[in-house]
Amino acid sequence: MRYDFRTVEPKWQKRWEEAKVFEAKTGKDKKKYYALVEFPYPSGAGMHVGHIKAYSGLEVLSRKRRMEGYNVLFPIGFDAFGLPTENYAIKTGMHPRAVTDKNIEKFTQQLKRVGFSFDWSRVIDTTDEDYYRWTQWIFLKMFENGLVFRDTALVNYCPSCRVVLSNEDSQGGKCDICHSDVIQKSKTVWYLRITAYAEKLLKGLDEVDYLPNIRQQQINWIGKSQGAFVNFGLTGIDEKLRIYTTRPDTLFGVTFMVIAPEHPILDKYRDRIKNFDQVESYREACARKTEFERTQLVKDKTGVRIDGISAINPVSGKEIPVFIADYVMMGYGTGAIMAVPAHDGRDYDFAKKFGLDIVEVIKGGDISREAYTEDGEMVNSGFLNGLTNKKDSIAKMVAYLEEKGIGEGGVQYKMKDWAFNRQRYWGEPIPIVHCPHCGMVPVPYEELPLRLPKVENFEPGEDGQSPLAKVDSFVNCKCPKCGGDAKRETDTMPQWAGSSWYFLRYCDPHNDKAFADPEKIKYWMPVDWYNGGMEHVTRHLIYSRFWHHFLYDIGEVSTPEPYAKRTYQGLILGSDGEKMSKSRGNVVDPLDIVKDYGADTLRVYVMFMGDYGSAAPWNDSSVKGCRRFLERVFALKDIMTEGPVKELESGIHKAIKKVSSDIEEMKFNTAIACLMTLINDIGKVGKIGKEQLIIFLKLLSPFAPHITEEIYEQIGGEGFLTVSEWPEYDEAKTVDETVAIGVQINGKARASVDIPTGCAKEEAFALAKANEKVASYLAGKTLVKEIYVPNKIINFVVK
RNA sequence: GCGGGUAUGGCGGAAUUGGCAGACGCGCUAGAUUCAGGUUCUAGUGGGGGCAACUUCGUGGAGGUUCAAGUCCUCUUACCCGCACCA
């Protein structure tokens with residue numbers, strides 16, 4: 001009889017749900033295990049096979065942990081605020097609330113149909129008032145602690161989405177949502193002072209177990225650099241031009257200065273700048289360029305010399321020209337640099353173009369041809385001359401600068417403060433009131449949640465204004481401090497707000513007194529293992545670590561780091577090897593696979609298709625192979641015997657060992673391959689003992705829970721297999737009595753000989769030499785060397 | 001430019017970390033079952049040579065270390081990912 005997954009799978013899903021086997025219990029009697037997967041954005045398209053792969057890794061682990069006797073928290077929820085829903089609402093006229101509810105319902109049905117062992121009693125939805133109330137609460141705590149500020153500055157702005165974007169959301173100069181070019185626009189925006197946590201976010205990486213490239217990407221994103229600030233005197237102006245450099249030791253080689261087109265000193269001293277018209281038109285030309293044009297396309301240097309202001313090199317005393325050029329960015333360092341053309345490629349190009357002096361201060365290169373950026377002996381550098389070690393010369397120069405009061409050592413980070421507002425409807429309202437008398441006043445905690453008002457029109461204003469600005473009843477309010485007339489902030493929080501702390505809410509999702517009970521946080525946190533996509537490493541992962549560090553600093557959570565371990569899964573590509581996309585028409589709908597082959601087949605295939613961390617293309621035929629495997633598993637009960645089958649003993653113990661360790665190392669593909677090999681062996685033997693079959697079912701159960709549970713019931717198993725005890729192996733039984741050992745002659749494999757496992761050297765050599773084939777190779781030769789690696793190889797070197 | 005990674009049959013991928021390369025699955029070939037499609041079963045399947053036992057070559061490329069290299073070292077090529085005029 002063929003296995004009828006269409007009735008069996010829903011049957012067990014229903015029984016598990018009724019028995020609440022996947023509900024996490026908070027209690028000290030057992031060890032806890034918190035496995036976290038990134039909660040989905042409930043898009044209208046429904047689930048993608050990528051979701052299946054993303055969740056299957058820790059799904060398998062969580063099921064194993066339950067069988068190992070842990071209290072397991074394996075939750076799921078929905079990160080539902082965001083632009084796609086809002087845009088869909090604008091297009092269809094449906095309210096975002098209704099769209100979200102519909103999509104969540106669809107996702108829930110789909111996730112349940114695949115049989116994921118999520119704790120459905122703890123589902124969260126970031127757009128739920130009872131949830132975003134606490135997102136606002138944490139925001140206010142940050143406000144209270146000086147981590148929230150407003151500033152008018154050049155910001156990343158997407159003209160198509162009509163929103164301000166954070167640095168993280170505009171990587172590569174493209175909008176993260178619609179992929180159109182981001183422009184720089186001067187706007188007043190809200191910031192979270194994430195840079196105040198740069199050092200903690202960097203140091204914290206030492207305390208956690210992240211896969212190396214995740215760790216590295218975080219380090220690069222934070223982008224710490226060590227250097228010095230130097231204040232350059234300006235001619236005729238009683239103000240210093242402050243710069244940041246990583247190479248203060250090259251100060252004697254500074255022959256000009258460059259400041260960013262947006263540098264404030266320009267407007268401040270416009271009267272003194274004789275060619276201000278020229279400066280102004282250059283600035284306008286720069287402003288028109290997109291970030292992409294400015295940083296990616298135009299690599300040849302442009303700029304304008306400021307006529308009327310010069311700088312003084314503080315170590316050489318020489319007067320040097322000052323330029324504005326767009327290769328210097330206002331957003332990094334101080335927006336001004338000292339140019340050392342001899343030892344910096346960009347400064348070199350600029351100097352060549354504008355015919356400026358190039359002074360060598362480090363020996364070793366040929367500065368008539370190109371900038372020399374390597375180490376070498378210091379020359380033309382006064383008190384630094386003769387030093388050959390970069391570290392020494394930098395230290396000596398910094399000491400000099402500090403002594404003379406010209407500058408000081410310092411650090412810079414590439415990471416920028418987090419632009420924390422969107423001019424859109426479908427997000428958490430920022431709980432701040434603007435009062436003409438009191439300024440920015442927080443909404444009192446007891447008035448949270450500050451609810452989104454009902455509106456008819458979700459279109460943002462032409463001038464980048466939030467749709468909420470049109471709702472008078474929302475905007476006009478009383479100041480919580482003085483009671484006078486005031487106006488509410490109408491921007492909402494960015495998409496990443498709700499996901500910055502959701503893992504804490506899972507610990508205690510229905511609490512209406514706190515975002516979670518401290519005791520429960522203490523029990524469950526930190527997350528023991530977090531798996532997600534690589535694309536979130538420089539966004540969500542940074543943001544949520546920041547929020548958690550902050551909550552730790554104000555005593556709300558028990559550890560600084562939220563995630564003890566972080567891994568990622570690789571993409572599933574289309575069968576054409578390209579990224580799945582609607583336009584390519586290579587998208588696989590997981591529910592189609594469930595319908596045709598069953599959830600277990602889908603689950604096994606997704607885990608078997610390749611290395612978990614790598615991208616692998618979908619292959620319809622290979623899905624059938626997994627289906628065949630499960631059919632063969634189902635047929636095992638037909639050859640079941642009461643007593644154990646001796647020939648299978650070592651194979652089963654080896655499988656327990658391998659499957660157990662492979663799951664821990666995320667080598668799911670080889671774990672399944674091992675079970676396939678085992679079933680091939682069982683087929684050859686032609687029978688399997690009942691207890692042995694149960695072990696097999698337990699090992700397969702995390703991958704294919706439905707079919708294994710069904711077989712278990714059919715052969716008279718008691719209770720749920722899903723929460724039965726994980727099998728243990730006996731090391732002694734994983735070893736066979738004899739081992740086939742390879743025999744090489746001069747490094748070439750010539751024969752395979754069966755010898756007793758772990759047998760002594762002399763005996764092994766004797767047995768090998770007794771082999772007819774080996775003997776023929778040794779005949780008439782001189783044996784120079786004999787190598788024996790127990791249970792692995794014998795190598796005879798002959799002449 | 002900087003940082004990280006990958007390269008193994010027709011395809012996805014294994015290889016106990018220096019020890020018989022190609023586990024496992026797909027695909028393919030032949031045979032059996034079937035009216036047929038599908039399914040299932042059996043055998044085979046890295047390339048070249050040979051009826052065969054066997055032989056030879058083989059892990060992107062070139063060197064090297066070693067009794068032994070997919071694995072270690074040096075150089076090199078191609079591709080992928082992230083960041084990027086970061087001072």
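Chain letters run A, B, ... following the sequence lines, proteins first and then strands; every chain starts at 1.
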Of the nucleotides B:rA23, B:rC85, B:rG19, which one has an atom closest to the side chain of A:Asp326? B:rC85
For the pair made of CZ in A:Phe323 and P in B:rA87, what is the distance, rounded to whole Å? 22 Å
Take the protein atom CE of A:Met676 and the nucleotide atom P of B:rA14, then report the distance between them rounded to whole Å. 14 Å
All N/O pairs under 3.5 Å across the protein-nucleotides 4-8 of chain B interface:
none

When you match A:Lys667 and A:Met534 each to their closest nucleotide on RNA chain B, which lands nearer the 5' end? A:Lys667
If you pin A:Asp611 and A:Ser622 to their nearest nucleotides in RNA chain B, which one's is more 5'? A:Asp611
Would B:rU17 be called syn or anti, given that syn covers angles within 90° of 0? syn
Which part of the nucleic acid, if any, lies within reach of A:Thr246 when heavy atoms closer than 4.0 Å are counted: base, sugar-phosphate only, or nothing? sugar-phosphate
Would you measure the distance from the C1' atom in B:rG18 across to the matching atom in B:rG13 and give it in whole Å? 22 Å
For atom P, what is the distance between B:rC73 and B:rA53, given to the nearest Å? 40 Å
What does A:Val789 touch in the nucleic acid at a heavy-atom separation under 4.0 angstrom: a base, only the sugar-phosphate, or nothing? base
Is there side-chain contact between A:Leu678 and A:Ile652, with heavy atoms separated by less than 4.5 Å? yes
Can you tell me how far P of B:rU16 sits from CD1 of A:Ile741, to the nearest Å? 17 Å
Base paired to B:rA68 (Watson-Crick or G-U; both N/O distances under 3.5 angstrom): none
Which nucleotide, if any, forms a Watson-Crick or G-U wobble pair with B:rU42, using both distances under 3.5 Å? B:rA30
Could you check whether A:Glu370 pairs with A:Arg346 (Lys NZ or Arg NE/NH1/NH2 to Asp/Glu carboxylate O, under 4.0 Å)? no
Got a salt bridge between A:Arg566 and A:Glu38, using NZ or NE/NH1/NH2 to carboxylate O under 4.0 Å? yes
Check this for me: A:Lys240, atom NZ, are more than 12 non-hydrogen atoms of other residues, nucleotides or ligands nearer than 6.0 Å? no
B:rC26 P sits how many Å from A:Phe629 CZ, rounded? 11 Å
Does B:rG25 have OP1 or OP2 under 4.0 Å away from a side-chain N or O of A:Asn680? yes
Between B:rG70 and B:rU59, how far apart are the P atoms? Round to whole Å, please. 7 Å
Centre-to-centre under 6.0 Å for A:Phe765 and A:Phe796, is that the case here? yes
Between B:rG63 and B:rA69, how many Å separate the two P atoms, rounded to a whole number? 15 Å
Is there a Watson-Crick or G-U wobble partner for B:rG82 with both distances under 3.5 Å, and which nucleotide is it? B:rC2
Check: A:Lys301 side chain, B:rC85 base, donor-acceptor under 3.5 Å: yes
Taking any strand in view, what nucleotide pairs with B:rA53 in a Watson-Crick or G-U wobble way, both distances under 3.5 Å? none
Hey, does A:Gly625 reach any base, or is it just sugar-phosphate, or nothing, if we go heavy atoms under 4.0 Å? sugar-phosphate
Nearest to the A:Asn669 side chain among B:rA14, B:rC24, B:rG19, which nucleotide is it? B:rA14
Note: A:Asp347-A:Lys352 ion pair, threshold 4.0 Å (strictly below): no
Nearest-Å distance, CE (A:Met607) to P (B:rG13)? 15 Å
Salt bridge or not for A:Asp169 and A:Arg539, using N-O below 4.0 Å? yes
If I take atom CG in residue A:Asp681 and atom P in nucleotide B:rA23, what distance separates them, rounded to the nearest angstrom? 14 Å
Could you give the NZ-to-C1' distance, from A:Lys684 to B:rC24, as a whole number of Å? 12 Å
Please write out the pairs of protein N or O atoms and N or O atoms of nucleotides 27-33 of chain B separated by less than 3.5 Å, giving the distance to one decimal.
unit_1 : atom_1 : unit_2   : atom_2 : d
B:rG27 : OP2    : A:Arg628 : NH2    : 3.4

Do the side-chain N and O atoms of A:Asn586 and A:Glu578 include a donor-acceptor pair separated by under 3.5 angstrom? no
Charged N-O contact under 4.0 Å between A:Asp638 and A:Lys687: no
For B:rG44, does the O4'-C1'-N9-C4 or O4'-C1'-N1-C2 angle fall within 90° of 0, making it syn, or is it anti? anti
Side-chain N or O of A:Tyr244 versus OP1/OP2 of B:rA87: is the shortest distance under 4.0 Å? no
Going by purine N1 to pyrimidine N3 plus the second Watson-Crick contact, or the G-U wobble pair, all under 3.5 Å, which nucleotide sits opposite B:rU59? none
Distance check, C1' atoms only: B:rG31 and B:rC24, in whole angstrom units. 24 Å
Which nucleotide, B:rC26, B:rC85, B:rG13, lies nearest any side-chain atom of A:Arg346? B:rC85
Name the pairs: protein N/O against N/O of nucleotides 49-59 of chain B, kept only if under 3.5 Å.
unit_1 : atom_1 : unit_2   : atom_2 : d
B:rU55 : OP1    : A:Tyr777 : OH     : 2.2
B:rU56 : OP2    : A:Arg750 : NH1    : 3.3

Taking OP1 and OP2 of B:rC67, is either one under 4.0 Å from a side-chain nitrogen or oxygen of A:Lys785? yes
Between P on B:rG25 and CH2 on A:Trp618, what's the gap in Å once rounded to a whole number? 19 Å
With sequence neighbours left out, write down each residue that passes salt bridge (charged side-chain N to carboxylate O under 4.0 Å, His left out) with A:Lys785, or none if nothing qualifies. none
How is A:Ala740 classified with respect to the nucleic acid when contacts are heavy atoms under 4.0 Å: base, sugar-phosphate, or nothing? base
Taking side chain to side chain contact (heavy atoms under 4.5 Å, CB included) as the definition, give me every residue that meets it alongside A:Pro617, ordered by chain and number, with sequence neighbours left out. A:Leu573
Closest to the A:Thr245 side chain: B:rC41, B:rA23, B:rA87? B:rA87
Student check: side-chain heavy atoms of A:Leu675 and A:Leu699 closer than 4.5 Å: yes
Just jot down the ring pair (Phe, Tyr, Trp, His ring centres under 6.0 Å) partners of A:Phe668, sequence neighbours excluded, or say none. A:Tyr612
Identify the nucleotide, in any strand shown, that forms a Watson-Crick or G-U wobble pair with B:rA36, with both distances under 3.5 Å; if there is none, say none. none
Indicate, with a heavy-atom threshold strictly under 4.0 Å, whether A:Gln217 touches base, sugar-phosphate, or nothing. sugar-phosphate
With sugar-phosphate meaning primed atoms plus P, OP1 and OP2, does A:Lys224 contact a base, only sugar-phosphate, or nothing at under 4.0 Å between heavy atoms? nothing
Between A:Lys654 and A:Glu731, does at least one N-O distance fall below 4.0 Å, as a salt bridge requires? no
A:Phe350 and A:Phe256 aromatic centres sub-6.0 Å: yes
